[in-house]
Amino acid sequence: MKNLMKSMIVGLLVLIAMGASAQYKLSNDLSAMYIDGTSSLHDWTETVEQMGGTLNLSLDGNAIEKITSVNASIPVNSIKSGKGGMDDNTYEALKHKLHPNITYKLKSYAMKGDVVFFTGMLTIAGETREVKFQSKYTMEGNQLKFSGKHTFNMTDFKIDPPTAMMGTIKTGDQVTVRFEMVFTLSLIHISEPTRLLSI
């Protein structure tokens with residue numbers, strides 16, 4: 001059975017290499033994302049525990065030939081610091097009741113070797129801004145991994161940096177998002193518009 005599954009996967013990857021397009025799904029279990037920031041008391045890190053998304057592209061062997069679309073979503077309440085009070089302040093600052101998800105949608109991209117330069121629309125707390133960042137990618141079997149980081153100011157999205165202890169502890173405006181996002185092969189589109197293979 002293992003040999004049969006390996007043969008099927010190899011065969012599907014060969015089809016991609018021949019020019020077929022493919023859809024990959026973001027694997028929450030294999031991916032990791034962290035948000036680093038500062039405060040008047042100490043530096044801090046939050047962990048994103050849940051994320052989802054899709055990536056549509058075509059490959060030339062193990063190299064990306066063309067990216068058609070990228071969509072990703074993060075539930076605000078999946079951002080955890082390990083401290084309940086800090087989490088509550090984060091959710092309030094991100095207006096999670098009105099805007100429960102942070103979303104990203106690809107607008108355009110450029111490539112240089114194994115580095116992709118992404119331009120896309122990021123929506124946080126109901127505010128959408130164009131963001132640019134770069135990510136290195138690797139491919140192993142039926143998985144694509146993108147790793148990188150992006151720094152921005154919370155006030156760019158009209159977010160008031162959280163405070164604590166009656167305002168005596170203040171969070172810095174700038175945050176850095178570090179990520180390793182792993183996408184796993186989901187669908188292959190060979191030739192006909194309605195012909196899809198799923199694994």
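Just so it is clear, the values below take in all heavy atoms, side chains as well, and ignore hydrogens, waters and symmetry mates.
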What closest approach, in Å, do Gly148 and Ser135 show between heavy atoms, and which atom pair accounts for it? N-OG, 4.4 Å
Stepwise ring pair (Phe, Tyr, Trp, His ring centres under 6.0 Å) check, Phe157 with Phe152: CA-CA 9 Å; Phe157 293 86; Phe152 62 94; 5.5 Å; yes
Taking all non-hydrogen atoms of both residues, which atom of Met33 and which atom of Phe179 are closest, and how far apart? CE-CB, 4.0 Å
Output for pair (Leu94 CG, Glu127 CD), nearest 0.5 Å, gives 12.0 Å
Can you label the angle between the His150 ring and the Phe133 ring as parallel, tilted or perpendicular, going by 30° and 60°? tilted
Could you check whether atom CD of Glu130 has more than 12 heavy atoms from other residues, nucleotides or ligands sitting under 6.0 Å from it? yes
Side chain to side chain, Gln143 and Lys145, heavy atoms closer than 4.5 Å: no
Taking all non-hydrogen atoms of both residues, which atom of Met154 and which atom of Gly172 are closest, and how far apart? CE-O, 3.0 Å
So do Ile102 and Thr123 actually touch side chain to side chain, heavy atoms under 4.5 Å? no
Flag side-chain contact, heavy atom, 4.5 Å: Ile35 against Val48: yes
Let me check something: do Val177 and Phe146 share a hydrophobic cluster, defined by ILVMFWY side-chain heavy atoms less than 4.5 Å apart, either directly or through other members? yes
Flag the pair Leu59 / Met139 as yes when at least one side-chain heavy-atom distance between them is below 4.5 Å, and no otherwise. yes
Note: Tyr24 and Leu185 closest approach over all heavy atoms is CD2-N, 3.2 Å
Going by atom type alone, with no hydrogens or angles, which donor-acceptor pairs under 3.5 Å involve a side-chain atom of residues 70-82 and a protein atom two or more places apart or on another chain?
{"residue": "Ser78", "atom": "OG", "partner": "Gln50", "partner atom": "O", "Å": "3.2"}
{"residue": "Ser78", "atom": "OG", "partner": "Pro75", "partner atom": "O", "Å": "2.7"}
{"residue": "Lys80", "atom": "NZ", "partner": "Asn77", "partner atom": "O", "Å": "3.2"}
{"residue": "Lys80", "atom": "NZ", "partner": "Tyr91", "partner atom": "OH", "Å": "3.3"}
{"residue": "Ser81", "atom": "OG", "partner": "Lys83", "partner atom": "N", "Å": "3.1"}
{"residue": "Ser81", "atom": "OG", "partner": "Lys83", "partner atom": "O", "Å": "3.1"}
{"residue": "Ser81", "atom": "OG", "partner": "Asp87", "partner atom": "OD1", "Å": "2.7"}

What residues, two or more places apart in sequence or in another chain, satisfy side chain to side chain contact (heavy atoms under 4.5 Å, CB included) together with Thr68? Asn56
Look up atom CD in Glu65 and atom OG in Ser58, then write down how far apart they are to the nearest 0.5 Å. 4.0 Å
Check: Glu46/Thr90 side-chain N/O donor and acceptor closer than 3.5 Å: yes
Going by side chain to side chain contact (heavy atoms under 4.5 Å, CB included), name the residues that satisfy it together with Met111, two or more places apart in sequence or in a different chain. Ile64, Tyr109, Val116, Tyr137
Value rounded to 0.5 Å, distance of CG in Leu122 from CG in Asp156: 10.5 Å
Just so I know, are the side chains of Met181 and Met51 near enough to count as touching, which here means a heavy-atom distance under 4.5 Å? yes
In Å, rounded to the nearest 0.5 Å, how long is the span from CD1 of Ile124 to CD1 of Ile159? 5.0 Å
Start with the C-alpha gap between Arg129 and Met121, add the side-chain angles, then the distance that decides, and say whether side-chain contact (heavy atoms from CB on, under 4.5 Å) holds. CA-CA 6 Å; Arg129 300 287 183 271; Met121 307 308 294; over 6 Å; no
If Ile, Leu, Val, Met, Phe, Trp and Tyr residues are connected whenever their side-chain heavy atoms lie under 4.5 Å apart, and connections chain through other members, are Leu26 and Leu144 in the same group? yes
Would you check, one step at a time, whether the test side-chain hydrogen bond (donor to acceptor under 3.5 Å, both in side chains) holds for Thr38 with Asp43? CA-CA 4 Å; Thr38 62; Asp43 293 349; 5.1 Å; no
From Leu57 CG over to Leu106 CG, what is the distance, rounded to the nearest 0.5 angstrom? 10.5 Å
So CD of Glu180 and CZ of Arg178: to nearest 0.5 Å the spacing works out to 9.5 Å
So Phe183 and Ser27, side-chain contact (heavy atoms from CB on, under 4.5 Å) or not? Walk me through it. CA-CA 6 Å; Phe183 290 82; Ser27 172; over 6 Å; no
Polar contact flag, side-chain donor to acceptor under 3.5 angstrom, Asp173-Thr155: yes
How close do Gln134 and Val115 get, counting heavy atoms only, and between which atoms? CB-CG1, 4.1 Å
